[in-house]
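Written out below as structure tokens is the structure these notes cover.
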Amino acid sequence: MEIIRTVSQMQAAAEKMRKRGRKIALVPTMGFLHKGHLSLMRRALGLADTLVVSLFVNPVQFGPNEDLDQYPRDFEQDVVLARQTGVNILFAPEKDSLYPDGFDTYVVQEKLPVHLCGLCRPEHFRGVLTIVAKLFNIVKPHVAVFGEKDFQQLAVIRRMVADLNFDIDIVGHAIVREDDGLAMSSRNANLDGDGRKSARVLSGSLRSAAKMVADGEARAGTVIKKATVMILAESGTKIDYVNICAPDTLDDLDVIDRPALMAVAVKIGGVRLIDNIMLEPGQKNV
Ligand code: AMP
């Protein structure tokens, strides 16, 4: 596995691979790799000849009072895991290589970001889209794999790729979970023992909601209220949002009469976790 630290070296390597007719897959990450990331990488290995994994904690997608400094990092461990998984190139640029003095151009999307996480994190998707567009231009992938755990992120990236004519296939990959249901996340490492126990309520509340809907409950308000009560019953939880929306537009739904996305964001002891599930209405309410 080659480790590349600068934009110019990565661009040169990508150009060389393309000239040789190699198909390039990209998996962007912020590092502190876990089994969710590794599952994305294995998926990507099956889609291309060369796998590039980027590892960069992108400061531009963090707000001023967010956890940029607390975000977990372990470069040595990431190198070992990436190598074991069969990554060909680990692209781990320094901040100055991506954002040199004078940097002043951002990618902004109008509608999809004004929902879910974008309401609590107003600058977040501008940062995400900017770094992903830059990575696409630097790594020149044919295909890129993103996790459905960040459902809104996947939606805004698909929109950008369509709108700005990036010639790249975007592949969504299912959420990878711990045995007790908690969605894997680098941020889980920042939970203390009690927080880790409370965190089970995210997936637990989503599973209960999916069952309610499959059993015939079609009122989004009722489903949201039940999940809210469940989440707040756990110690140390603070809700950012509990939402049911259309998976394509992310517009709120009042009635669940078609497959709907239910998404939650909850802070536990200051650690912000997200999760989501698709709600499939049962026969009774169609
Ligand atoms: P991150 O390092 O958290 O920015 O995540 C990098 C990529 O891995 C994103 O596309 C995430 O959606 C994806 N990802 C993170 N956690 C999971 C998970 N538990 N299951 C599936 N994909 C994940």
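For ligands, and for the atoms within them, numbers begin at 1 and follow the listed sequence.
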Please determine, by modelled atom types, if Tyr99 and Asn58 share a side-chain donor-acceptor pair under 3.5 angstrom.
-> yes
Under 4.0 Å to a heavy atom of Ala174 - the qualifying atoms of ligand 1, by number | 20 (N), 21 (C)
Search all heavy atoms of Leu51 against all heavy atoms of Met41 and return the closest pair with its distance.
-> CD2-O, 3.6 Å
Hey, is Phe56 one of the residues with a heavy atom under 4.0 angstrom from ligand 1?
-> no
Has His34 got any heavy atom lying under 4.0 angstrom from an atom of ligand 1?
-> yes
May I have the step-by-step check of side-chain contact (heavy atoms from CB on, under 4.5 Å) for Thr130 and Phe103, ending in yes or no?
-> CA-CA 11 Å; Thr130 302; Phe103 183 90; 3.9 Å; yes
Counting heavy atoms only, which part of Phe151 comes closer than 4.0 Å to ligand 1: side chain, backbone, both or neither?
-> neither
Atom 13 (C) of ligand 1 sits nearest the protein heavy atom Leu40 CD2, 3.7 Å
Phe146 neighbourhood, listing ligand 1 atoms whose heavy-atom distance to it stays under 4.0 Å | 10 (O)
Cut-off 3.5 Å, side chains only: do Ser185 and His34 have a donor facing an acceptor?
-> no
Starting from atom 20 (N) of ligand 1, find the nearest protein heavy-atom neighbour and note its residue, name and distance.
-> Val176 N, 2.8 Å
State whether Arg187 and Asp67 are salt-bridged, where the test is any N-O pair (Lys NZ or Arg NE/NH1/NH2 against Asp/Glu carboxylate O) under 4.0 Å.
-> yes
Note: ligand 1 atoms sitting under 4.0 Å from heavy atoms of Tyr71 are 3 (O)
Could you tell me whether Asp240 and Arg272 have a side-chain N and a carboxylate O separated by less than 4.0 Å?
-> yes
Hey, which atoms in ligand 1 end up nearer than 4.0 Å to a heavy atom of Ile175?
-> 20 (N), 21 (C)
Within 6.0 Å of CG in Asp251, more than 12 heavy atoms from elsewhere | yes
Before accepting this row, confirm whether a basic side-chain N of the pair Arg196/Asp192 lies closer than 4.0 Å to the acidic partner's carboxylate O.
-> no
Can you check whether Asp150 has an N/O within less than 3.5 Å of an N/O in ligand 1?
-> yes
Does Pro28 come within less than 4.0 Å of ligand 1, judged by its heavy atoms?
-> yes
Min N/O separation Gly36 to ligand 1 under 3.5 Å = no
Taking N or O atoms only and a 3.5 Å limit, does Met184 qualify as a polar contact for ligand 1?
-> yes
Can you list the ligand 1 atoms lying under 4.0 Å from a non-hydrogen atom of Thr29?
-> 2 (O), 6 (C)
Nearest heavy atom to atom 9 (C) of ligand 1 wins, so pick from His173, Gln153, Lys149, Arg43.
-> Gln153
Is the side chain of Arg18 donor-acceptor paired with the backbone N or O of Glu15 at a distance under 3.5 Å, no angle test?
-> no
Polar-atom distance check: His37 versus ligand 1, any N or O pair below 3.5 Å?
-> yes
Lys/Arg N to Asp/Glu carboxylate O, Asp78 vs Arg73, below 4.0 Å | no
Side-chain ion pair, Glu123 and Arg121, N-O less than 4.0 Å | no
If you count the atoms of ligand 1 from 1 in the order shown, which ones are under 4.0 Å from a heavy atom of Gly147?
-> 9 (C), 10 (O), 11 (C), 12 (O), 13 (C), 22 (N)
Where is the nearest protein heavy atom to atom 4 (O) of ligand 1: which residue, which atom, and how far?
-> Met30 CG, 3.6 Å
